[in-house]
Chemist: 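Take this structure first; my questions come after.
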Amino acid sequence: MKTPITLKRLQQHWQYNWWKYALLVCISLLGWNLIYSMTAYRPPQEKVVDVYIYGYSIDEGLQEYLDTVRAEKMSDMEQMDAVVITPDETYGGMVLSTRFAANEGEVYILPKTYFQNYASQGWFLELEGMEGLVEKLEGEGVNLERSWRMNTETSERHLYGIPLSALPGLAAHVVCDEEAWVCLSASGRNDANAYRLLELMVNDLLTAPEPAVETEAAPAAAE
């Protein structure tokens, strides 16, 4: 004869076996996340141009600009995101170098120390070959002297970055209190489109955005 199921028996069963159900739920959630991570669509690398910003905060205007560029000028891209890497005295440099090693990010905005150190190791693409870039910037009065860095492995000097201050339209969206440079990662896998985006940035953001004009409300009509 089967033992009847009563409320008391259910309570006793739950009291001693609740952890098994909790474990089952956790395993189910973990398995679902794993399946989703493995099967979720990821755009191919040649369709991604992300902008990584280290140590600074940004406003939503930078992402809005990238969305506009992707919609109107680089519609063949599937992803263009602005990503902030939060600085940390202990692990910040490690996180940043890991991003480079993992081929993440095509355009980087970096403070002076990181720009100089990584440029000396040849971690950035050379920019002097971009047609008309140097002439355009110098014609606008931009001093590129500190943007030319020596690659210690080859002993060659190259233009590895553009001062953020040279692009007021970009600097308006990046909150920083020190010198910064815009550069292209040499470890990325989408060099051609990284150059395309940088060229557009130079063309579009050489001037600061015009401040929004506040319109006064019309006076109410007299009754």
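Below, all heavy atoms of this structure are taken into account, side chains as well, without hydrogens, waters or symmetry copies. Nothing fancy with the numbering, it's 1 onward along the sequence.
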Chemist: Any salt bridge (Lys or Arg N to Asp or Glu O under 4.0 Å) involving residues 74-85? Give me the pairs, sequence neighbours left out, ordered by first then second residue.
Modeler: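 For residues 74-85: D76-R196.
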
Chemist: Quick one: does Q79's side chain have a donor or acceptor within less than 3.5 Å of a partner on V48's backbone?
Modeler: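 No, Q79 side chain to V48 backbone: no donor-acceptor pair under 3.5 Å.
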
Chemist: Salt bridge (Lys or Arg N to Asp or Glu O under 4.0 Å): which pairs involve residues 129-140, sequence neighbours left out?
Modeler: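 Found none.
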
Chemist: Identify the heavy atoms of Q63 and A82 that sit nearest to each other, and give their distance.
Modeler: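 Shortest heavy-atom contact: OE1-N, 2.9 Å.
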
Chemist: Give the table of side-chain donor-acceptor pairs shorter than 3.5 Å for residues 107-117, with sequence neighbours excluded, one pair per line with atom names and distance.
Modeler:
from	atom 1	to	atom 2	distance (Å)
Y108	OH	E104	O	2.5
Y114	OH	G93	N	3.4
N117	ND2	T113	O	3.4

Chemist: Give the minimum heavy-atom separation between L206 and L137, together with the two atoms involved.
Modeler: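 Taking L206 first and L137 second, the nearest heavy atoms are CD2-CD2, 4.0 Å.
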
Chemist: Quick check for you: to the nearest 0.5 Å, what is the distance between F100 atom CZ and Y52 atom OH?
Modeler: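 It is 10.5 Å, given to the nearest 0.5 Å.
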
Chemist: E106 pairs by side chain to side chain contact (heavy atoms under 4.5 Å, CB included) with which of L197, V49, V51?
Modeler: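 Answer to the side chain to side chain contact (heavy atoms under 4.5 Å, CB included) test with E106 among L197, V49, V51: V49.
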
Chemist: If you take all heavy atoms of G161 and S147, which pair is closest and at what distance?
Modeler: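 Shortest heavy-atom contact: O-CB, 3.1 Å.
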
Chemist: Same cluster or not: V134 versus M150, using hydrophobic residues (I, L, V, M, F, W, Y) connected whenever any side-chain heavy atoms lie under 4.5 Å apart?
Modeler: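 In one cluster: no.
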
Chemist: Are the side chain of S187 and the backbone N or O of N103 linked by a donor-acceptor pair below 3.5 Å?
Modeler: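 Absent.
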
Chemist: Measuring from atom CG of L164 to atom NE2 of H173, what distance do you get when rounded to the nearest 0.5 angstrom?
Modeler: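 Atom-to-atom, L164:CG and H173:NE2 are 11.0 Å apart.
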
Chemist: Can you run down the salt bridge (Lys or Arg N to Asp or Glu O under 4.0 Å) pairs that involve residues 57-73, sequence neighbours left out, and say none if there aren't any?
Modeler: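 Only K73-D204 qualify under salt bridge (Lys or Arg N to Asp or Glu O under 4.0 Å).
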
Chemist: Under the ring-ring contact (aromatic ring centres under 6.0 Å, His included) definition, can you give me all pairs with a residue in residues 125-166, not counting sequence neighbours?
Modeler: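 Non-adjacent pairs meeting ring-ring contact (aromatic ring centres under 6.0 Å, His included): H158-Y160.
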
Chemist: Quick one: are R189 and E46 in side-chain contact, heavy atoms under 4.5 Å?
Modeler: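 They are not in side-chain contact.
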
Chemist: Let me confirm one number: the CD1-OG distance from I53 to S57, rounded to the nearest 0.5 Å.
Modeler: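 Going from CD1 on I53 over to OG on S57, the span is 10.0 Å.
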
Chemist: Nearest 0.5 angstrom please: N190 CG to Y195 OH, how far?
Modeler: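 Here the rounded value is 12.0 Å.
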
Chemist: Between P163 and L144, what is the shortest heavy-atom contact and its length?
Modeler: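 Smallest interatomic distance, heavy atoms only, reads CD-CD2, 3.8 Å.
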
Chemist: Compare all side-chain heavy atoms of Y56 with those of E178 and state whether any distance is below 4.5 angstrom.
Modeler: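 Yes, at least one pair of side-chain atoms sits under 4.5 Å.
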
Chemist: Test: salt bridge (Lys or Arg N to Asp or Glu O under 4.0 Å). Region: residues 146-155. Which pairs qualify, not counting sequence neighbours?
Modeler: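 Residue pairs passing salt bridge (Lys or Arg N to Asp or Glu O under 4.0 Å), neighbours aside: R146-E179.
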
Chemist: Could you tell me whether the side chain of D50 and the main chain of G105 form a donor-acceptor pair under 3.5 Å?
Modeler: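 The answer is no, because no donor-acceptor pair under 3.5 Å joins these two groups.
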
Chemist: So, taking the atom named CH2 in W123 and the one named OG in S97, what distance separates them when rounded to the nearest 0.5 Å?
Modeler: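 Result: 5.5 Å between the selected atoms.
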
Chemist: Is there a side-chain contact (heavy atoms from CB on, under 4.5 Å) between L159 and F124 once you walk through the steps?
Modeler: CA-CA 9 Å; L159 181 68; F124 302 132; over 6 Å; no

Chemist: Grouping I, L, V, M, F, W and Y whenever their side-chain heavy atoms are under 4.5 Å apart, do Y54 and V95 come out in a common cluster?
Modeler: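 Looking at the clustering, V95 is in the same group as Y54.
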
Chemist: If you take all heavy atoms of M80 and M74, which pair is closest and at what distance?
Modeler: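 What the structure gives for the nearest pair is CE-SD, 4.2 Å.
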
Chemist: Provide the closest heavy-atom pair for Y118 versus L96 in the form atom of the first, atom of the second, distance.
Modeler: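 Nearest heavy atoms, Y118 then L96: CE1-CD2, 3.5 Å.
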
Chemist: Could you give the distance from CG (L184) to CG (L198), rounded to the nearest 0.5 Å?
Modeler: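 One gets 5.0 Å once the value is rounded to the nearest 0.5 Å.
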
